[in-house]
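Presented below is the structure to which this report refers.
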Amino acid sequence: MIQAYLYRSQQDVAALIDEGMADVRLCKGAYDEPPTVAFPTKPEVDQNMLALCRQMFDASAAHAADLQLAVASHDDQIINYAKAYAYHHGIGRDRFEFQMLYGIRRDVQLALVKEGYKVRVYVPFGTAWYGYFMRRLAERPANLVFFLRALVGR
């Protein structure tokens with residue numbers, strides 16, 4: 001997993017590319033890191049996430065079978081960027097997938113599947129699941145609405 005909020009992530013991706021990486025999960029990042037280690041603002045994290053998508057898609061295009069990218073985001077800007085970049089660079093929908101948290105943005109998950117994209121839906125578990133889940137809700141307050149709709153049902 002590569003976390004876009006870490007300053008070191010572009011170097012980590014470059015090292016993985018040099019080593020002939022296989023599967024990489026790209027997410028924004030979920031832990032409370034100091035500003036000496038991680039970008040402190042959402043716009044900076046988003047910009048780095050887009051740059052990492054480009055870096056990994058470019059590697060995928062150059063190394064046809066070596067890379068499967070997982071774009072783990074509920075953010076429309078990130079999702080739309082990944083779709084457009086892959087399309088314009090001839091990267092097939094079978095070469096990457098989107099990953100999203102169960103109960104959040106189900107409408108987007110279903111729309112992506114209808115468009116022919118692979119979508120993996122995951123459920124956090126273990127002793128620290130609650131903190132992880134709450135950070136996901138806090139990073140995008142609208143996620144709470146999506147979660148409550150899923151909890152209540154349609």
Side-chain angles (χ1 to χ4, degrees), residues 1-105 108-109 111-113 115-143 146:
M1 174 175 52
I2 296 293
Q3 299 178 83
Y5 80 144
L6 297 174
Y7 295 129
R8 63 178 267 184
S9 292
Q10 287 191 19
Q11 291 80 14
D12 290 344
V13 168
L16 289 169
I17 291 167
D18 288 344
E19 292 176 19
M21 64 180 174
D23 296 345
V24 175
R25 179 176 192 266
L26 175 62
C27 66
K28 287 187 180 181
Y31 303 99
D32 189 19
E33 297 291 347
T36 56
V37 175
F39 293 102
T41 68
K42 182 183 182 313
E44 291 171 303
V45 174
D46 288 352
Q47 286 302 92
N48 202 44
M49 180 91 169
L50 298 178
L52 290 164
C53 277
R54 277 191 306 274
Q55 186 179 7
M56 292 178 15
F57 276 136
D58 290 347
S60 177
H63 305 93
D66 296 332
L67 170 63
Q68 282 288 323
L69 172 60
V71 179
S73 181
H74 300 99
D75 186 318
D76 289 329
Q77 175 190 6
I78 303 298
I79 292 166
N80 291 332
Y81 181 86
K83 289 167 46 177
Y85 196 88
Y87 175 79
H88 290 295
H89 291 84
I91 298 165
R93 293 177 184 183
D94 61 325
R95 302 285 304 286
F96 67 102
E97 71 180 27
F98 292 100
Q99 295 184 352
M100 303 174 109
L101 185 62
Y102 178 79
I104 298 179
R105 310 285 325 259
V108 174
Q109 295 166 15
L112 287 167
V113 169
E115 292 172 21
Y117 293 97
K118 293 187 283 185
V119 177
R120 186 179 308 256
V121 178
Y122 63 99
V123 177
F125 66 95
T127 58
W129 74 268
Y130 183 76
Y132 173 84
F133 189 72
M134 294 310 291
R135 285 189 299 276
R136 296 289 63 75
L137 293 177
E139 80 179 6
R140 186 170 185 266
N143 286 346
F146 297 125

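Every heavy atom of this structure was used, including side-chain atoms; hydrogens, water molecules and symmetry mates were not. Numbers for residues simply follow the sequence, beginning at 1. Here the structure is a predicted model, which means the values were calculated and not measured.
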Under 4.5 Å between any side-chain heavy atoms of [X] and [Y], yes or no?
| X | Y | value |
| --- | --- | --- |
| Val119 | Gln99 | no |
| Gln11 | Leu6 | no |
| Val24 | Met56 | yes |
| Ile104 | Met100 | no |

Shortest non-hydrogen contact between [X] and [Y], atoms and distance:
| X | Y | result |
| --- | --- | --- |
| Leu101 | Gln109 | O-NE2, 3.4 Å |
| Leu26 | Met49 | O-CE, 3.6 Å |
| Asp75 | Gln77 | OD1-N, 2.8 Å |
| Lys28 | Ser73 | CE-OG, 4.3 Å |

To the nearest 0.5 Å, what is the distance between [atom1] on [X] and [atom2] on [Y]?
| X | Y | atom1 | atom2 | value |
| --- | --- | --- | --- | --- |
| Arg25 | Arg120 | CZ | CZ | 10.0 Å |
| Leu16 | Ile2 | CG | CD1 | 5.0 Å |
| Leu69 | Cys53 | CG | SG | 6.0 Å |

- Message: Once ring-ring contact (aromatic ring centres under 6.0 Å, His included) is applied, do any residues pair with Tyr117, and if so which ones, sequence neighbours excluded?
- Response: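 Result, ring-ring contact (aromatic ring centres under 6.0 Å, His included) vs Tyr117: Phe96, Phe98.
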- Item | Results of ring-ring contact (aromatic ring centres under 6.0 Å, His included) for Tyr7 - residues two or more places apart only |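 Testing Tyr7 for ring-ring contact (aromatic ring centres under 6.0 Å, His included), a comparison that skips the adjacent residues, returns Phe39.
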Kindly say whether [Y] contributes a backbone atom to a donor-acceptor pair with the side chain of [X] at under 3.5 angstrom?
| X | Y | result |
| --- | --- | --- |
| Arg95 | Ser60 | yes |
| Glu44 | Thr41 | yes |
| Ser9 | Gln3 | yes |
| Arg105 | His74 | yes |

- Query: For the side chain to side chain contact (heavy atoms under 4.5 Å, CB included) test, which of Asp58, Asn80, Leu50 pairs with Tyr85?
  - Reply: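 So the option named by the test is Asp58.
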- Lys/Arg N to Asp/Glu carboxylate O, Lys42 vs Asp46, below 4.0 Å: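 A salt bridge links Lys42 with Asp46.
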- Residues in side-chain contact (heavy atoms from CB on, under 4.5 Å) contact with Gln10, at least two apart in sequence or another chain: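 Once residues adjacent in sequence are excluded, the partners of Gln10 under the side-chain contact (heavy atoms from CB on, under 4.5 Å) criterion are Asn48, Ala51, Leu52, Gln55.
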